[in-house]
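What follows is a set of notes on a single structure, which appears directly below.
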Amino acid sequence: MKFARVGILGSGDVGKALARGFISLGHEVKIGSRSPEKLTDFVKSAGEQATSGTFEEAAAFGDIIVLATLGTGAQEAINLAGKANFNGKVVIDATNPLEFSTGAPRLSVGHTDSLGEQVQRWLPDARVVKAFNTVGNALMVNPDLPGGPPDMFLCGNDDDAKRLVSQVCRHFGWGVIDLGGIEASRYLEPMCMTWVLHGMKSGGWSHAFKMLSK
Ligand SMILES: NC(=O)c1ccc[n+]([C@@H]2O[C@H](COP(=O)([O-])OP(=O)(O)OC[C@H]3O[C@@H](n4cnc5c(N)ncnc54)[C@H](OP(=O)(O)O)[C@@H]3O)[C@@H](O)[C@H]2O)c1
């Protein structure tokens with residue numbers, strides 16, 4: 001693939017799962033946090049291709065960037081990372097605009113806007129692709145489900161960027177469904193809630209979406 005270095009903004013389970021996935025494909029990864037010292041153990045366990053840093057260092061490092069912060073922290077993380085560090089780059093937006101003020105998770109934006117579109121507006125010179133937001137972190141890389149490869153639904157305005165992210169998804173063991181421009185995030189972000197509600201109801205978290213057709 002035509003990139004070597006991946007900058008990951010997010011020290012949570014998603015950032016770590018995708019970091020491990022990119023490392024398994026041979027890429028160098030810098031994983032970012034407001035407190036990079038919390039990633040010391042992770043970096044040790046992830047091997048030589050992994051380093052940690054601030055959001056700014058991770059964004060500057062990556063040929064491509066993964067945004068994997070809490071949805072409500074995404075804008076702050078982007079500002080801390082420095083918008084110029086995203087210019088021209090592919091940004092994989094794995095976030096969901098979840099808020100928990102009433103206890104159970106719910107979307108803080110939807111129908112006429114989405115976090116994916118907001119991220120693209122905050123980063124007009126980046127090529128944002130919404131992906132990986134419709135499945136739990138444990139299945140993001142090599143999901144290996146008995147029903148065969150699940151489908152990663154993605155969207156974004158730049159076809160080359162989507163081709164590259166599709167390649168990544170296929171290497172990670174996924175089929176790919178491209179839903180069009182970044183405004184399709186309005187439908188991908190609620191899909192996260194479908195995934196979560198099924199998990200809460202069934203008590204299991206090993207499920208993923210697949211489109212069937214003939
Ligand atoms: N967990 C999943 O399985 C899953 C699956 C699909 C999509 N997602 C989405 O992926 C994203 C990451 O999820 P996660 O579970 O890995 O971790 P998370 O707990 O949602 O987010 C952790 C990251 O968010 C950063 N953050 C939190 N508040 C911030 C703020 N005000 N300003 C800047 N950064 C802030 C943290 O920074 P520090 O490192 O400085 O603490 C940390 O790096 C979320 O948007 C989530 O909805 C999650």
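For ligands, and for the atoms within them, numbers begin at 1 and follow the listed sequence.
For ligand 1, the 4.0 Å heavy-atom shell takes in Gly10, Ser11, Gly12, Asp13, Val14, Ser33, Arg34, Ser35, Lys38, Phe55, Ala68, Thr69, Leu70, Gly71, Gly73, Glu76, Ala77, Ala94, Thr95, Asn96, Phe132, Asn133, Val135, Gly136, Asn137, Met140, ordered by chain and residue number.
One N or O on the side chain of Asp63 and one on the backbone of Ala4 form a donor-acceptor pair closer than 3.5 Å. Judged by distance alone, with hydrogens and angles left aside, the side-chain atoms of Glu189 form no donor-acceptor pair with the main-chain N or O of Leu107 at under 3.5 Å.
Note: His27 and Phe3 have parallel aromatic rings, judged against thresholds of 30 and 60 degrees for the angle between ring planes.
Other residues, nucleotides and ligands contribute more than 12 heavy atoms inside 6.0 Å of the CD atom of Glu37.
Phe61 and Leu80 are not part of a single hydrophobic cluster, where members link through side-chain heavy atoms under 4.5 Å apart.
When side chains are defined from C-beta on, Ile65 does not count as touching Ile92, because their heavy atoms never get closer than 4.5 Å.
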